[in-house]
Q: 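I'd like to ask some things about the structure below.
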Amino acid sequence: MLPMKDKIYSHIIKCLDQLKLKYNKDFLVEVPNNIEHGDFSTNVALISAKMNNLKPRKMAEKIADTLGRKRSYRSVEIAGPGFLNFRLSNSIYHEALVKIIKAKKTFGSSDHGRGKKVLLEFISANPTGPLNVVSARAGAYGDSLYRIMTSAGFEAFREFYVNDAGNQVAILAESLELRYRELHGEKIEDFPIEAYHGDYIKELAANLNTVDGSKLFHISEEERLERMKNFALDEIHKMQVESLEKFDVQFDNWMSEKKLRQEGILEEALSYLAEANCTYEKDDAIWFSSTQFGDEKDRVLIKTDGNPTYLVPDIAYHLTKYQRGFDVIIDVLGPDHHGHVAKLRAAILALGLNIDKLEVVYLQHINLIQKGEVVKMSKRAGKIVTLNELIDEVGKDAARYFFIDRKPNAHLNFDLELAKKKSNENPVFYCQYAHARINSILKKAKKEKISLKEFEIKNLKKLNKNDELSLIKKMLELPSLLITCAESREPHRLAGYVHELAGMFHRYYAKYKIVDSNHLELSQSRLFLISAIKNVIAISLDLMGISAPNKM
RNA sequence: GCGCCAGUAGCUCAGCAGGAUAGAGCAACGGAUUUCUAAUCCGUAGGUCUGGGGUUCGAGUCCCUGCUGGCGUGCCA
C-alpha cells in the first residue's frame with residue numbers, strides 16, 4: 001500500500017507537469033506539527049518558485065487551484081511564505097483504515113529496500129565470558145534494526161563475529177587451567193592480573209572436571225591447553241546463545257575467526273595488500289602503509305614473533321563481507337572501537353573495495369543507574385552486570401524498550417528501578433497496556449453481542465471526530481516511518497512512535513465510550529478503529545522484539 | 001596534541017536529513033474512578049536549544065570557531 005505522503009507527492013508532480021511548471025524534486029510532503037496547518041503540507045512552491053520566475057505564494061496558488069478540485073482533498077490552502085496545506089476528505093481516511101485492517105500483520109511493510117542485501121554485524125563480543133549490558137544494547141539495537149529493515153524490503157542478515165583465535169582465547173585457556181588446578185588442590189598464589197577473574201571460570205572448571213576428571217594431568221601441556229580452550233569456547237558460546245535466546249535475539253551466522261584462519265583468508269587478504277604494494281618490512285615486522293589511505297600512521301600486520309595482529313583477521317573478515325556480495329555492510333560497534341575503524345577503512349581502500357558500502361554505527365556507553373547512582377562495572381575484577389542478570393532483573397521487554405528508545409550514538413542512562421516499575425512512569429508498560437486495554441474492550445463488546453462480522457464499511461462515516469481521524473492519520477505514518485528508521489538505521493524513532501500512538505489511544509479511551517449497545521453502528525465503527533490500533537501497536541512492538549500482551 | 005561522539009525544561013531524552021508558535025516522560029502542584037482494566041485521563045508550571053560568527057526566504061538542525069564532558073590514539077583484542 002502506497003504511503004499517503006507518496007500519493008500526495010505524485011499528485012503534486014502530475015499537477016506540476018500539467019501546469020508546465022519546473023520543480024525541484026527534493027520537495028517534501030510532511031505531516032505538520034500544528035494541526036491547523038492541515039493533514040499534510042509541502043514546501044514545493046518555496047523551493048521551486050525561483051526556477052519558474054514566480055513568487056512562492058504565486059506558484060502555490062496555481063497548484064492549489066488545480067489540486068483543490070480533486071475529490072480526495074477537502075481543501076488545499078496556501079499559508080505562510082508559500083506552504084501548501086492539504087486537508088483530506090474523511091472518506092480517504094476511512095478507506096485507508098479498511099486497508100490497515102485488511103493488511104493485518106503486513107501493514108507498514110514495504111518493498112522499499114528492493115531486496116538489497118544487507119549484512120548486520122553486531123555484538124561480536126569476545127567468547128571469553130558471559131554477555132554484558134553493552135552487548136545487550138547492541139543486541140536490542142541490531143536485532144530491531146534487522147526486523148525493521150526486513151519489513152522495509154531489505155534482505156538482511158545477522159552476523160556475530162567470534163574472536164575464537166589469538167591472544168584472548170589463549171588467556172582464557174590459561175585462566176581455566178589455573179582454576180582447574182585449584183580444583184585439584186593446587187594453591188594458586190598470584191592469579192595473574194590479565195587472566196579472567198569472573199566466577200564463571202570456576203564453574204567452567206567444575207564442569208570440565210565432571211567430564212574429564214583428573215585425566216587432563218596425564219596429557220601434554222599443549223594438548224591440555226587445547227582441550228581447555230575448546231571446552232571453554234564451546235561452553236561460553238552455549239551460554240551466550242542461551243542468553244540471547246531469552247532476549248529474543250538470533251543470528252543467521254556465527255563467523256568464526258578460527259575458521260577464517262584455517263581457510264587461509266588471512267593469507268589471501270595479506271597477499272592482496274602486498275599485490276597492491278601496500279605492505280613493507282621494517283624492524284622484523286610486516287607493516288601496512290595505511291597512511292596513504294588517510295590513517296594517522298602505518299600499522300603492523302605481522303608481529304616480530306611471526307603472529308598476525310588483530311587487524312589482519314579483521315581485514316580478512318571484512319574481505320569476506322565483500323566477497324559474499326552484500327550491498328550494504330553495517331558494523332555495529334562499541335564506543336571504544338572507533339579508533340579501529342580508520343585502519344579498517346584504509347585496508348578496504350587498499351583492497352580496492354567500495355568503501356561506500358561500509359557503514360559503522362557506534363553505540364555509546366551505558367550507565368546502569370541504581371538508587372540514583374551509577375553502578376560500577378569492571379570486567380577485570382569480574383564485576384560485570386550480565387545480560388542474564390539484566391533480564392532477570394527487569395525483564396526482556398523493558399530491557400529491550402529502554403535500549404531501543406535512545407538513538408544509537410547517545411550515551412544511555414539505564415535506570416534499573418524505573419524499568420522495573422509496573423506503573424505509568426514506565427513507558428514500556430504504557431504501550432503494552434494500550435494493547436491489553438483494547439483487547440479487553442473487544443472482549444467486552446463480544447459479551448454484549450456487538451460483533452464486527454455484520455459491520456458495514458459504509459458506517460465508517462460515523463468516525464468523524466478529529467480525534468478519530470487523527471488516530472487513523474497517526475497509524476498511516478507507520479509505513480514511511482519504518483522506511484525512515486531503516487534508512488537512518490535508527491529504530492528509536494519507532495519506540496517514540498508507539499508511545500505516541502498508545503498515548504493517543506489512552507486519551508481517546510478516556511474521552512469516548514466505545515462499546516454502547518444503544519448506538520450499534522457507532523460502536524462497531526469505533527471497534528473497527530481500535531482493532532486497527534491494536535494491530536499497529538502489535539506490529540510496532542514486534543519489530544522491537546517486545547511482546548504485546550492481551551491481558552495485564 | 002590529534003581524532004570521533006555528545007551538549008535542548010530540575011532529571012532522562014525526542015525533534016521525522018533546513019520549515020510555520022521547540023516537544024514528551026519523570027519529578028512538582030491541582031483535579032477525575034458506582035469504569036469499557038486508574039498500569040489511565042485532564043489541568044498548572046517549567047527554555048537565551050553550551051557561547052560567538054556565518055550560509056538563506058527560514059537554523060535546535062548545515063559551515064567555521066571557542067568552551068565543557070565521554071571515548072579513542074599499542075607489534076592488546
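Predicted model only: the values in this text are computed from it and were never measured. So that the names make sense, note that chain A is the first sequence line, chain B the second, and so on, each numbered from 1. What's counted below: heavy atoms across the whole structure, side chains too, no hydrogens, waters or symmetry copies.
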Q: Mind checking A/V31 for me? I need base, sugar-phosphate or nothing, with any heavy atom below 4.0 Å counting as a touch.
A: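 The answer is base, as A/V31 lies within the cut-off (heavy atoms under 4.0 Å) of a base atom.
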Q: Between the base of B/A20 and the side chain of A/N85, is there a donor-acceptor distance below 3.5 Å?
A: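 It does, because a donor-acceptor pair links the side chain of A/N85 to the base of B/A20 below 3.5 Å.
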Q: Applying the Watson-Crick and G-U wobble criteria at under 3.5 Å, what pairs with B/G43? Answer none if nothing qualifies.
A: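 Check on B/G43: paired to B/C29, both distances under 3.5 Å.
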Q: For A/R437 and B/U33, give me the distance from atom CZ to atom P, rounded to whole Å.
A: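 So the two atoms are 15 Å apart, to the nearest Å.
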Q: Can you identify which nucleotide, out of B/A39, B/A77, B/G25, has its nearest atom closest to the A/H499 side chain?
A: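 The nucleotide sitting nearest to the side chain is B/G25.
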Q: With respect to the side chain of A/I47, which nucleotide from B/C76, B/C36, B/C57 is positioned closest?
A: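 The listed nucleotide nearest to A/I47's side chain is B/C57.
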Q: Rounding to the closest angstrom, what is the interatomic distance between B/A9 and B/A20 at atom C1'?
A: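 Rounded to whole Å, the distance is 22 Å.
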Q: Taking the C1' atom of each, how far is B/A39 from B/A77, in whole Å?
A: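 So the two C1' atoms sit 45 Å from each other.
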Q: Taking B/G46 as the reference, what is the distance to B/G23 when you measure between their P atoms (whole Å, please)?
A: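 One P to the other, the span is 14 Å.
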Q: Rounding to the closest angstrom, what is the interatomic distance between B/A32 and B/G69 at atom C1'?
A: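 These two C1' atoms come out 44 Å apart once rounded.
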Q: For A/D284, does the CG atom sit with more than 12 other heavy atoms under 6.0 Å from it, leaving out its own atoms?
A: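 Open.
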Q: Could you measure between the two P atoms, the one in B/C71 and the one in B/C63, and give it in whole Å?
A: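 Each nucleotide's P atom is 25 Å from the other's.
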Q: Under 4.0 angstrom, heavy atoms only, what part of the nucleic acid is A/T304 near: base, sugar-phosphate, or nothing?
A: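 Result for A/T304 = base.
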Q: Counting side-chain heavy atoms from C-beta on, which of B/C75, B/G19, B/C42 comes nearest to A/R507?
A: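 Closest of the options to the side chain of A/R507: B/C42.
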Q: Taking the basic N atoms (NZ, or NE/NH1/NH2) and the acidic carboxylate oxygens, is any pair closer than 4.0 Å for A/K407 and A/E490?
A: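 Looking at A/K407 and A/E490, the cut-off is not met.
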Q: Could you tell me how far apart A/L28 (CG) and B/G19 (P) are, to the nearest whole angstrom?
A: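 To the nearest whole Å, that distance equals 8 Å.
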Q: Taking atom C1' in both B/G15 and B/G47, compute the distance separating them and give it to the nearest angstrom.
A: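 Comparing C1' positions in B/G15 and B/G47 gives a spacing of 15 Å.
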Q: Could you tell me if A/Q168 and A/N163 have a donor-acceptor pair between their side chains, going purely by distance under 3.5 Å?
A: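 The answer is no; no qualifying pair exists.
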Q: Salt-bridged, A/K473 to A/E477, with N to O below 4.0 Å?
A: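 Answer for the salt bridge query: no.
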Q: Return the minimal non-hydrogen interatomic distance between A/P408 and A/H492, and the atom names on each side.
A: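 For A/P408 versus A/H492, the nearest heavy atoms are CD-ND1, 4.1 Å.
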Q: Starting from the 5' end of RNA chain B, give me the residue, A/P308 or A/P81, whose nearest nucleotide shows up first.
A: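 By nearest-heavy-atom nucleotide position, the 5'-most residue is A/P81.
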Q: Rounded to the Å, how far apart are A/Y509 OH and B/C36 C1'?
A: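 A/Y509 atom OH is separated from B/C36 atom C1' by 4 Å.
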Q: Consider the side chain of A/K297, meaning its heavy atoms from C-beta on, and name the nucleotide among B/C75, B/U73, B/C76 that approaches it most closely.
A: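 When the side chain of A/K297 is considered, B/U73 is the closest of B/C75, B/U73, B/C76.
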Q: Mind calculating the distance between CG (A/L412) and P (B/U12) to the nearest angstrom?
A: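 Spelled out: CG on A/L412 to P on B/U12 is 12 Å.
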Q: Go through the N and O atoms of the side chain of A/T309 and the base of B/A77, and report whether any donor-acceptor pair is under 3.5 Å.
A: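 In this structure, the two groups form no donor-acceptor pair.
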Q: Using the C1' atom as the point on both nucleotides, what is the distance between B/G53 and B/G70, in whole Å?
A: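 To the nearest whole Å, 27 Å.
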Q: Less than 4.0 angstrom between a side-chain N/O of A/Y317 and OP1 or OP2 of B/A77, yes or no?
A: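 Negative; the distance criterion is not met.
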Q: From the options B/G19, B/A77, B/C36, select the nucleotide whose nearest atom is closest to the side chain of A/L46.
A: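 Out of B/G19, B/A77, B/C36, the nucleotide with an atom closest to A/L46's side chain is B/G19.
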Q: Quick one about A/S523 and A/D516 (side-chain donor to acceptor, distance below 3.5 Å, no hydrogens or angles considered), yes or no?
A: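 No, no side-chain donor-acceptor contact under 3.5 Å.
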Q: More 5' along RNA chain B: A/D284 or A/Y512, using each one's nearest nucleotide?
A: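 First, find each residue's nearest nucleotide; the 5'-ward one identifies A/Y512.
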Q: Only pairs with both distances under 3.5 Å count, Watson-Crick or wobble alike; so what is the partner of B/G7 in this structure?
A: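 Across all strands, the one nucleotide that pairs with B/G7 is B/C67.
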Q: Applying a 3.5 Å limit to both distances, which nucleotide forms a Watson-Crick or G-U wobble pair with B/G23?
A: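 For B/G23, the partner nucleotide comes out as B/C13, under the 3.5 Å rule.
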Q: Counting the atoms with a prime plus P, OP1 and OP2 as sugar-phosphate, which does A/A79 contact under 4.0 Å by heavy atoms, base, sugar-phosphate, or nothing?
A: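 It contacts base atoms.
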Q: Tell me whether the side-chain N/O atoms of A/H492 come closer than 4.0 Å to OP1 or OP2 in B/G15.
A: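 Result: yes.
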Q: Would the number of heavy atoms belonging to other residues, nucleotides or ligands and lying under 6.0 Å from NZ of A/K58 be above 12?
A: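 Open: at most 12 neighbouring heavy atoms sit under 6.0 Å from NZ of A/K58.
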Q: Aromatic contact between A/Y280 and A/F288, with the criterion being ring centroids under 6.0 Å apart: yes or no?
A: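 Centroid distance A/Y280-A/F288: not below 6.0 Å, so no.
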Q: Taking the minimum atom-to-atom distance to the side chain of A/W287, which one of B/C41, B/G74, B/C75 wins?
A: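 From the listed options, B/C75 comes nearest.
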Q: Any strand counts, and the cut-off is 3.5 Å on both contacts for Watson-Crick or G-U wobble. Which nucleotide pairs with B/U56?
A: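 The base-pairing partner of B/U56, which may sit in any strand shown, does not exist here.
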Q: Looking at B/A77, B/C75, B/A20, which one has an atom nearest to any side-chain atom of A/H37?
A: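 Nearest to the side chain of A/H37 among the choices is B/A20.
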Q: Taking CG from A/N413 and P from B/U12, how many angstroms apart are they, rounded to a whole number?
A: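 Taking atom P of B/U12 as the reference, CG of A/N413 is at 6 Å.
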Q: If I take atom CG in residue A/D405 and atom C1' in nucleotide B/G25, what distance separates them, rounded to the nearest angstrom?
A: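 So the two atoms are 9 Å apart, to the nearest Å.
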Q: With respect to the side chain of A/H338, which nucleotide from B/A39, B/G70, B/C75 is positioned closest?
A: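 Among the listed nucleotides, the one closest to the side chain of A/H338 is B/G70.
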Q: Contact class for A/S41 vs. all strands (heavy atom < 4.0 Å): base, sugar-phosphate, or nothing?
A: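 Base contact - A/S41 has a heavy atom under 4.0 Å of at least one base atom.
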Q: How long is the line joining CZ of A/R489 and P of B/A17, in whole Å?
A: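 Whole-Å distance recorded here is 15 Å.
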Q: Going by the glycosidic torsion and a 90 degree boundary from 0, is the base of B/A14 oriented syn or anti?
A: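 Anti, since the glycosidic angle lies more than 90° from 0.
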Q: For the P atoms, the ones on B/C75 and on B/C62, what distance do you get once it is rounded to whole angstrom?
A: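 B/C75 and B/C62 have their P atoms separated by 36 Å.
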Q: Does any N or O donor sit under 3.5 Å from an N or O acceptor when you compare the side chain of A/H506 with the base of B/C41?
A: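 Donor-acceptor pair under 3.5 Å: no.
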Q: So, does the side chain of A/H337 form a donor-acceptor pair with the base of B/G72 at under 3.5 Å?
A: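 Check fails, no donor-acceptor contact within cut-off.
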Q: With sugar-phosphate meaning primed atoms plus P, OP1 and OP2, does A/A436 contact a base, only sugar-phosphate, or nothing at under 4.0 Å between heavy atoms?
A: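 Base contact.
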Q: Between the base of B/A20 and the ring of A/F83 - centre-to-centre under 5.5 Å, planes within under 30° - is that a stack?
A: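 Given the distance and angle limits, yes, they stack.
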Q: Which nucleotide, B/C5, B/C13, B/G19, lies nearest any side-chain atom of A/N409?
A: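 Output: B/C5.
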Q: What integer distance in Å separates A/K407:NZ from B/U12:C1'?
A: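 Atom NZ in A/K407 sits about 13 Å away from atom C1' in B/U12.
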Q: If you draw a 6.0 Å radius around CZ in A/R345, do more than 12 non-hydrogen atoms from other residues or ligands fall strictly inside?
A: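 No, not enclosed.
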Q: Give none if B/G1 has no partner; otherwise give the nucleotide forming a Watson-Crick or G-U wobble pair with it, both distances under 3.5 Å.
A: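 Result: B/U73.
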Q: When you measure from the side chain of A/E296, which nucleotide among B/A77, B/C2, B/G74 comes out closest?
A: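 Looking only at heavy atoms from C-beta outward on A/E296, the closest nucleotide is B/C2.
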